[in-house]
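Both counts, for ligands and for their atoms, begin at 1 and track the order of listing.
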Amino acid sequence: MSPLRAVIFDVDGTLVDSEQEGHRVAFNQAFEQLRLPDRWTRDQYRDLLKVAGGRQRLVHHLLSQGRDEDHAEHLATRLHQEKTRIFRELVGAGRVPLRPGVGRLVEDLRSAGVRLFVATTGSREWVAPLLEGHFGGDVFEHVVTGSEVPVLKPAPDVYLRVLELSGCEAPEVVAVEDSLNGLRAAHAAGIACLVVRNAESRGDFTDAELVCDGFGPEARYLSGAAGPAAVAGGCVGVETLRAVARLAAEGARR
Ligand code: XBP
Ligand code: MG
């Protein structure tokens with residue numbers, strides 16, 4: 001019997017292609033609304049993604065612009081409230097699409113009886129309507145967002161909270177991520193991780209149990225002990241996640 005009991009999905013960059021045409025657009029519109037000259041280019045934003053959490057990303061940017069800490073914290077709060085409002089509108093307008101192939105994977109996992117959860121750094125104000133819009137209300141048993149945990153990825157808090165809520169043990173679970181912060185958070189919680197890289201993914205993913213470059217027919221094996229057979233046929237499927245789970249189970253037995 002497969003040891004795969006549950007899969008925990010990251011949101012930004014994993015379930016949805018949300019960063020460059022979504023969050024970055026919302027951040028730039030928030031700068032404009034507050035009459036600030038800052039605008040993030042694609043390259044700047046890709047580099048800023050190493051800072052998890054939109055509000056923390058703003059603090060990092062504002063400090064780098066020479067603002068003092070109190071001013072940066074106060075301004076980041078105002079900017080992030082405005083950005084979140086704008087991003088919710090983008091979600092409502094259908095401007096934050098699923099990544100190709102991930103909707104099929106979610107359905108296949110659900111049909112196979114695998115329990116589904118979400119662990120994201122994103123804010124609940126937009127995560128809830130985004131998941132409702134794409135999946136309805138009964139696909140993910142629990143959704144833990146950056147609004148509910150004291151410390152964001154790469155800290156394990158959001159994943160540990162899902163383990164607590166689900167009653168699952170780490171070796172029975174596989175995380176699906178797109179970023180180094182996400183991989184580190186999953187591993188810090190003792191959870192094996194499939195990384196599905198996207199155009200914004202940067203860093204060394206060598207430690208991941210499996211790395212590929214898409215969910216759909218174009219998916220290519222890139223690295224990981226699960227091996228190329230785990231992505232045979234060019235799709236990330238239930239058997240892909242089961243191959244990662246077997247690795248985790250073997251690791252737990254050592
Ligand atoms: C990615 C993030 C988020 C988004 C912005 O989260 O770091 O902060 O970039 O969303 P994940 P907020 O990949 O873990 O879903 O502005 O709401 O933080
Ligand atoms: Mg992500």
**Q** Taking the six-membered ring for Trp, is the centroid-to-centroid distance between Phe117 and Phe9 below 6.0 Å?
**A** no
**Q** Checking one value in my table: which N/O/S atom of Asp10 lies closest to the Mg ion (ligand 2)?
**A** OD2
**Q** How open is the angle at the Mg ion (ligand 2) from atom O of Asp12 over to atom OD1 of Asp178, rounded to 10 degrees?
**A** 90°
**Q** Do His187 and Asp207 meet the criterion of a side-chain donor-acceptor pair at a distance under 3.5 Å?
**A** no
**Q** For Asp10 and Thr120, which I'm curious about, is there any donor-acceptor pair between the side chains at under 3.5 Å?
**A** no
**Q** By salt bridge (Lys or Arg N to Asp or Glu O under 4.0 Å), which residues pair with Arg88, not counting sequence neighbours?
**A** none
**Q** Between side-chain atoms of residues 228-241 and protein atoms elsewhere (two or more places apart, or another chain), which donor-acceptor pairs fall under 3.5 Å?
**A**
from   : atom 1 : to     : atom 2 : distance (Å)
Glu239 : OE2    : Arg242 : NH1    : 2.8
Thr240 : OG1    : Ala230 : O      : 2.7
Thr240 : OG1    : Gly237 : N      : 2.9
Thr240 : OG1    : Gly237 : O      : 3.4

**Q** So, is Glu177 placed with an N/O/S atom under 2.8 Å from the Mg ion (ligand 2), counting both backbone and side chain?
**A** no
**Q** Using a 6.0 Å cut-off, check whether atom CZ of Arg78 has over 12 heavy atoms from anything other than its own residue.
**A** no
**Q** Quick one: side chains of residues 27-37, donor-acceptor pairs under 3.5 Å with protein atoms, not counting sequence neighbours, listed by atom name and distance.
**A**
from  : atom 1 : to    : atom 2 : distance (Å)
Asn28 : OD1    : Trp40 : N      : 2.6
Asn28 : ND2    : Trp40 : O      : 3.0

**Q** Do any nitrogen or oxygen atoms of ligand 1 lie under 3.5 Å from a protein nitrogen or oxygen, and which ones?
**A**
from     : atom 1 : to     : atom 2 : distance (Å)
ligand 1 : 6 (O)  : Asp12  : OD2    : 3.4
ligand 1 : 7 (O)  : Gly53  : N      : 3.1
ligand 1 : 7 (O)  : Arg57  : NH2    : 2.8
ligand 1 : 8 (O)  : Gly53  : N      : 3.2
ligand 1 : 8 (O)  : Gly54  : N      : 3.1
ligand 1 : 9 (O)  : Glu19  : OE1    : 3.2
ligand 1 : 9 (O)  : Glu19  : OE2    : 2.8
ligand 1 : 9 (O)  : Arg57  : NH1    : 2.8
ligand 1 : 9 (O)  : Arg57  : NH2    : 3.2
ligand 1 : 13 (O) : Asp10  : OD1    : 2.8
ligand 1 : 13 (O) : Asp10  : OD2    : 3.4
ligand 1 : 13 (O) : Asp12  : O      : 3.1
ligand 1 : 14 (O) : Asp10  : OD1    : 2.9
ligand 1 : 14 (O) : Thr121 : N      : 3.0
ligand 1 : 14 (O) : Thr121 : OG1    : 3.2
ligand 1 : 14 (O) : Lys153 : NZ     : 2.9
ligand 1 : 15 (O) : Asp10  : OD1    : 2.8
ligand 1 : 15 (O) : Asp12  : N      : 3.0
ligand 1 : 15 (O) : Asp12  : OD2    : 3.3
ligand 1 : 15 (O) : Thr120 : OG1    : 2.5
ligand 1 : 16 (O) : His80  : NE2    : 2.7
ligand 1 : 16 (O) : Lys83  : NZ     : 2.7
ligand 1 : 17 (O) : Ser123 : N      : 2.9
ligand 1 : 17 (O) : Ser123 : OG     : 2.6
ligand 1 : 17 (O) : Trp126 : NE1    : 2.7
ligand 1 : 18 (O) : Gly54  : N      : 2.7

